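Contents: one structure, followed by commentary.
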Amino acid sequence: MLTLPDTLCTLVLRTDFSDEAAWEAVCSASIAPSTDGFAASLSFVSDRAFADLAPEQVAALPTATYRSFLFLVDSVTVTNVETPLVALDLLHQPGRWFRVVPTEMWSVENNLSIANMDFFEFADAVDRDGVFRGF
């Protein structure tokens, strides 16, 4: 049975394997510090067992450890010029998701990891196209 991997940091799960260079660029951009020096604490998992899974399918997977959210790199991430990742709620509204640009990953990851903010606060602050670009 497919299970979400156990990671030390917040999980970034690859579901699209069409572009290796795009995957590497998204990983680098996601951990780059903000202008204020904040950075996301992320663990990147590239396992073809998760290929082509939709956010709802990932949310339904069992997990070995507690997780309230995770990020996905899907086909939209690797083909869109802004490379927006999926932020996926696993706790309050499992399966609810929004997109976030890599330059704002730190804000989402830092605040959700310490329960300083709730998932809905970011999800409700997305632009018209469903992408969170900051407050």
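From a predicted model like this one, the values you see are computed outputs, not experimental measurements.
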Shortest non-hydrogen contact between [X] and [Y], atoms and distance:
X      : Y     : result
Leu88  : Pro55 : CD2-O, 3.5 Å
Asp16  : Asp74 : CB-C, 3.4 Å
Glu56  : Trp97 : OE2-NE1, 3.2 Å
Ser41  : Cys9  : OG-SG, 3.1 Å
Phe120 : Arg96 : CB-NH1, 3.6 Å
Leu53  : Leu61 : CD1-CD1, 4.0 Å

*How far apart are the C-alpha atoms of Leu90 and Leu4, what are their side-chain angles, what is the distance that settles it, and do they pass the side-chain contact (heavy atoms from CB on, under 4.5 Å) test?*
CA-CA 11 Å; Leu90 301 174; Leu4 289 174; 4.3 Å; yes
Do the non-hydrogen side-chain atoms of [X] and [Y] ever get within less than 4.5 Å of each other?
X      : Y      : value
Val58  : Leu70  : yes
Val108 : Phe98  : yes
Arg99  : Thr77  : yes
Val100 : Phe71  : yes
Leu112 : Phe122 : yes

Could you pull out all residues at least two apart from [X] that satisfy side-chain contact (heavy atoms from CB on, under 4.5 Å)?
X      : value
Ala21  : Asp19
Ala25  : none
Glu121 : Met117, Asp118

Please round to the nearest 0.5 Å and tell me the distance separating atom [atom1] of [X] and atom [atom2] of [Y].
X     : Y     : atom1 : atom2 : result
Cys27 : Arg14 : SG    : CZ    : 8.0 Å
Thr63 : Asp6  : OG1   : CG    : 7.0 Å
Trp23 : Ser28 : CH2   : OG    : 10.5 Å

Any donor and acceptor pair, going by atom type alone, linking the side chain of [X] with main-chain N or O of [Y] inside 3.5 Å?
X      : Y      : result
Asp47  : Ala49  : yes
Arg67  : Phe69  : no
Glu104 : Val101 : no
Asn110 : Ala39  : yes

*Look at atom CG of Asp127 and say whether more than 12 heavy atoms of other residues, nucleotides or ligands are closer to it than 6.0 Å.*
yes
*For Leu8, does the CG atom have more than 12 heavy-atom neighbours from other residues, nucleotides or ligands under 6.0 Å away?*
no
Tell me whether [Y] is reachable from [X] by hopping between hydrophobic residues (I, L, V, M, F, W, Y) whose side-chain heavy atoms are closer than 4.5 Å.
X      : Y      : value
Leu11  : Phe44  : no
Val76  : Val26  : no
Phe135 : Phe119 : yes
Phe132 : Val86  : no

*Of all residues at least two apart in sequence or in a different chain, which pass the side chain to side chain donor-acceptor pair (under 3.5 Å) check with Ser107?*
none
*asked:* Holding to side chain to side chain donor-acceptor pair (under 3.5 Å), I want the full list of residues that pass it with Thr3, two or more places apart in sequence or in another chain.
replied: none
*By salt bridge (charged side-chain N to carboxylate O under 4.0 Å, His left out), which residues pair with Asp89, not counting sequence neighbours?*
none
*side-chain contact (heavy atoms from CB on, under 4.5 Å) partner of Ser30, the single match among Val73, Thr83, Thr103, Leu42*: Leu42
